[in-house]
2 protein chains.
Amino acid sequence: MPIDIPEVVIERLPVYARALALLATDGHAVISSQDLGAELGVTPAQIRKDLSYFGKFGKQGRGYNVRKLLDELYQILGLNREWSMALIGTGRLGRAILEYQGFGPQGFRFAAAFDADPASVGEMIGDLPIGDVANLEAALLNQPADVGIVAVPASEAQAVIDTLVRCGVKAILNYAPIAARHPADVHLRQIDPVLALQSMTYYLKRLPRATAP
Amino acid sequence: MPIDIPEVVIERLPVYARALALLATDGHAVISSQDLGAELGVTPAQIRKDLSYFGKFGKQGRGYNVRKLLDELYQILGLNREWSMALIGTGRLGRAILEYQGFGPQGFRFAAAFDADPASVGEMIGDLPIGDVANLEAALLNQPADVGIVAVPASEAQAVIDTLVRCGVKAILNYAPIAARHPADVHLRQIDPVLALQSMTYYLKRLPRATAP
DNA sequence: TTCTGTGAACGGATTCACAGCA
DNA sequence: TGCTGTGAATCCGTTCACAGAA
């Protein structure tokens, strides 16, 4: 298993896994790179090349056993275990993230929550107590989390991320609209709907039709 | 202004704009590609090359006038106007999106909301009435939206996206966890925190330290 | 025959490096 | 001297095309 696998490849694997999971529940036993690619809007060669970084999972002339390939991807991605997450920021956004039903079924569990507002600290959200962000470092050193979820205001986000990094957290999902600085060995993903919209308006602007005011 | 500007370039422009806006409010009048790059974790050459697709905005020996470059980027991206959005899906996620405070200040306004649940249809969220998703097509043809925001369950998302496409919506922000099929002239961005997490676990799995069970 | 796995070819984005202007 | 703008060189991911297994 080579060490220099392009990050784009790693980012596509969960997409494949999700599609395969769907195929499995639909009762498909086997699928070709051709058909999987059509499903996902990806070229068959892309899929085969991506998978070839990790091994040979298909059968020539047949395709891939859906169940087997799915298991392999789960193994590769580490999805066959539970991952603990610490949420920092329990305002509107933070609470929405906590209540989002998509994480649990995929094995991502909130283990702790923190906020800076004294009015919130001590409060319970479900069965999760809100801790003081001032104690974030101590709390994390005592009970580490695999992933940090940052949902604080933009002005506070870099400081929170620095703290997470200092505590050894190696994966951060940042909802704050900032370009956060972080060491190369810490993985950071940005959830940024406004940036997504702002890049699409470039193309909208160049279209003939316009919305009525 | 060439037509074949790489999409990655377009996606970086809002990042530059955001940083410049911050610099402007901080009172910085001028910035070099060097300093802006350091701020954003991007190489100076990258910034200069990106901007060169659109014109010459800097002064040799000095750098870029922050205010002027920001104005140019707003012009290029079409951020100096308001864009209307239609939200489809007003469940937990949809309501959180509606209440998110980040869209308004950037000129993105919710013009309509739709749901399939008869119990929700007719209800008001703030000053926005929830329409029946069965009437989505008619409503959009009557009052077009610039952007569609999809926050329905995964099983319904492709159908909703198909409808938006049929109504001429050319920009879609999809929160549903599916790899949606869409025509090349329709721009689609995916907000998918679970995928983001699932690609980071690949790297976490390969680290020595593990969380206590 | 069908479809995988993969080296080779290709294409496109990033980086380099420098001419040129303030 | 300092920094932009940009062709050229480089790097890297994608696609091609085919040998080989079922």
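Chain naming here is simple, since letters A, B, ... match the order of the sequence lines and numbering starts at 1 in each. Worth saying up front: this structure is predicted, and the values here are computed from it rather than measured.
- The distance between atom CG of A:Asn65 and atom C1' of C:dC3, rounded to the nearest whole Å, is 15 Å.
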Under 4.0 Å protein heavy-atom contacts per nucleotide of nucleotides 11-19 of chain C, with B for base, S for backbone only and - for none: --SSB-B--
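- Ring geometry, A:Tyr203 versus B:His187: the interplanar angle falls under 30°, so the pair is classed parallel (tilted spans 30 to 60°).
- Between the CD1 atom of A:Ile5 and the C1' atom of D:dT14 there is a distance of 16 Å, given to the nearest Å.
- A:Glu39 is not listed as a side-chain neighbour of A:Tyr16, based on a closest heavy-atom distance of 4.5 Å or more.
- The closest donor-acceptor contact from the side chain of B:Thr201 to the backbone of A:Leu77 lies under 3.5 Å.
- Rounding to the nearest 0.5 angstrom, the gap separating the CD1 atom in A:Ile161 from the CG atom in A:Asn174 is 4.0 Å.
- When rounded to the nearest whole Å, the span between CG of A:Leu51 and C1' of D:dT14 equals 15 Å.
- In this entry the distance linking CD1 of B:Ile31 with P of D:dG2 reads 18 Å, nearest Å.
- Distance alone, capped at 3.5 Å, places no donor-acceptor pair between the B:Asp146 side chain and the B:Trp83 backbone.
- At the phosphate of D:dT6, OP1 or OP2 sits under 4.0 Å from a side-chain N or O atom of B:Lys56.
- Taking side-chain N and O atoms only, A:Ser33 has a distance below 4.0 Å to OP1 or OP2 of C:dT4.
- Of the side-chain N and O atoms in B:Tyr64, none sit less than 4.0 angstrom from OP1 or OP2 of D:dG2.
- Per the geometry, CZ belonging to B:Arg62 stands 13 Å off C1' belonging to D:dT4, to the nearest Å.
- For the pair B:Phe57 CZ and C:dC21 P, the computed distance is 19 Å after rounding to whole Å.
- The distance from atom CD1 of A:Ile47 to atom C1' of D:dT15 is 13 Å, rounded to the nearest whole Å.
- Straight-line distance from the CD atom of B:Gln34 to the P atom of D:dC3: 8 Å, rounded to whole Å.
- Counting only heavy atoms from C-beta outward, the side chains of A:Leu164 and A:Val150 approach each other to under 4.5 Å.
- With respect to A:Arg189 and A:Glu11, a salt bridge is recorded, a charged nitrogen being found less than 4.0 Å from a carboxylate O.
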